[in-house]
Amino acid sequence: MRKALVVGVDDYEQCPLYGCCNDADDIANILSRNEDGSPNFSVRLEKNVMTKGTLRKLIEECFSGDTDVALFYFSGHGHIDSVGGYLVTPDFSEYDYGVTLQDVLSIANNSKCKEKFIILDSCYSGFMGRINSKGQSTAVINEGVTILTASRSTESSVEMNGHGVFTALLLEALSGGAADILGHITPGGIYAYIDKALGPWEQRPVFKTNVTCFTSLRKVIPQVDIGVIRRICDYFCEENKELEMDPSFEPTNSPYVNHEVIKPYADPKNISVFTDLQKLEGIGLIVPVGEEHMYFAAMNSKSCKLTSLGKQYWRLVHNNLI
């Protein structure tokens, strides 16, 4: 069971925002289902939560119970002072800005849910996970908690074209930009995607976690069918072995195709293997040896081999892990 609380707040009387409710709408929509239409998170969408008490109550409810995954997303104003950081609510006043980041983390830390995710698109949100004590900043993140924030503790978070810059990249990542070969989108993959997109002069995302394995936040249709990947051990008996090819692997090398052909002619069995090999090459699991393209490797009776990534997936298949 997976649940997500998605909050966006635009209606700040003194300093309104214009993209946070858009952020919340789109995040709620993309988290609710995987790309194939299967259910993903049971999402509760809350926009323009007006009071600190209401937001605190919603966060408590998000991390209550013992579900497999609980996720909290917030887009709105953030604030930091000498005491700590805050998710700002529209009822803020001086010295009482909203829900403290420490309260959010404490709620997640004490939750019985197996995996807890906190994703914040707000200014200074990178302060999450730190406690100011005697001039020192200490991270206290319990096992099973992951934090992803739009900016460091000293930085603002930017809005552009009706979305937060961070959330726009987060949406791209969840749409498949951060997917691995099997179509899984993990927090680590999301951070890597956003990290590469934001340069050293821009706001910098922050990623903090205390987990023993990454949980997939969304599944997209993989570029190559899992069945093709599982056949990798059929083609390579060992991870360091090369697969010898010849012209019979190339489907166009047939006497029924109107161009010059050479023996041995295209063989249906080898063509089937070669089709898989080309797909595996396309996702970086194999490379031709001694030739630039698989076509020439086959026509010139060369071989192909596993890349470093290919060897990793070979071992996963070999050990029945996928």
Open item on the list: Can you tell me how the ring of W314 sits relative to the ring of H318, calling it parallel under 30°, perpendicular over 60° and tilted otherwise?
Closed with: parallel
- [ ] Answer yes or no: are there more than 12 heavy-atom neighbours, outside M1 itself, under 6.0 Å from its atom CE?
- [x] no
TODO: Say whether L316 and L309 are linked into one hydrophobic cluster, either directly or through other cluster members, by side-chain heavy-atom distances under 4.5 angstrom.
DONE: yes
- [ ] Return each pair, listed once, that meets ring-ring contact (aromatic ring centres under 6.0 Å, His included) where at least one residue sits in residues 208-249; pairs must be two or more places apart or across chains.
- [x] none
- [ ] State whether K47 and D25 are salt-bridged, where the test is any N-O pair (Lys NZ or Arg NE/NH1/NH2 against Asp/Glu carboxylate O) under 4.0 Å.
- [x] yes
Task: Check: R2 side chain, L217 main-chain N or O, donor-acceptor pair, under 3.5 Å - done: yes
Open item on the list: Hydrophobic clusters here meaning ILVMFWY residues chained together by side-chain heavy-atom distances under 4.5 Å, can you tell me if V7 and M50 are in one?
Closed with: no
Task: CD (E60) with more than 12 external heavy atoms under 6.0 Å - done: yes
Open item on the list: As a quick check of understanding, evaluate side chain to side chain donor-acceptor pair (under 3.5 Å) for T167 and Y73, giving each step before the final call.
Closed with: CA-CA 10 Å; T167 294; Y73 167 90; 2.6 Å; yes
Task: Whether over 12 other heavy atoms sit under 6.0 Å from K311 NZ - done: yes
Open item on the list: Using only atom types and a distance under 3.5 Å, with no angle test, would you say the side chain of S272 pairs donor to acceptor with the backbone of K269?
Closed with: no
- [ ] Hey, can you tell me if F72 and F63 have their rings parallel, tilted or perpendicular (30° and 60° cut-offs)?
- [x] perpendicular
Open item on the list: Apply salt bridge (Lys or Arg N to Asp or Glu O under 4.0 Å) to residues D68 and K114 and explain how you reach the verdict.
Closed with: CA-CA 5 Å; D68 295 323; K114 297 178 179 64; 3.5 Å; yes
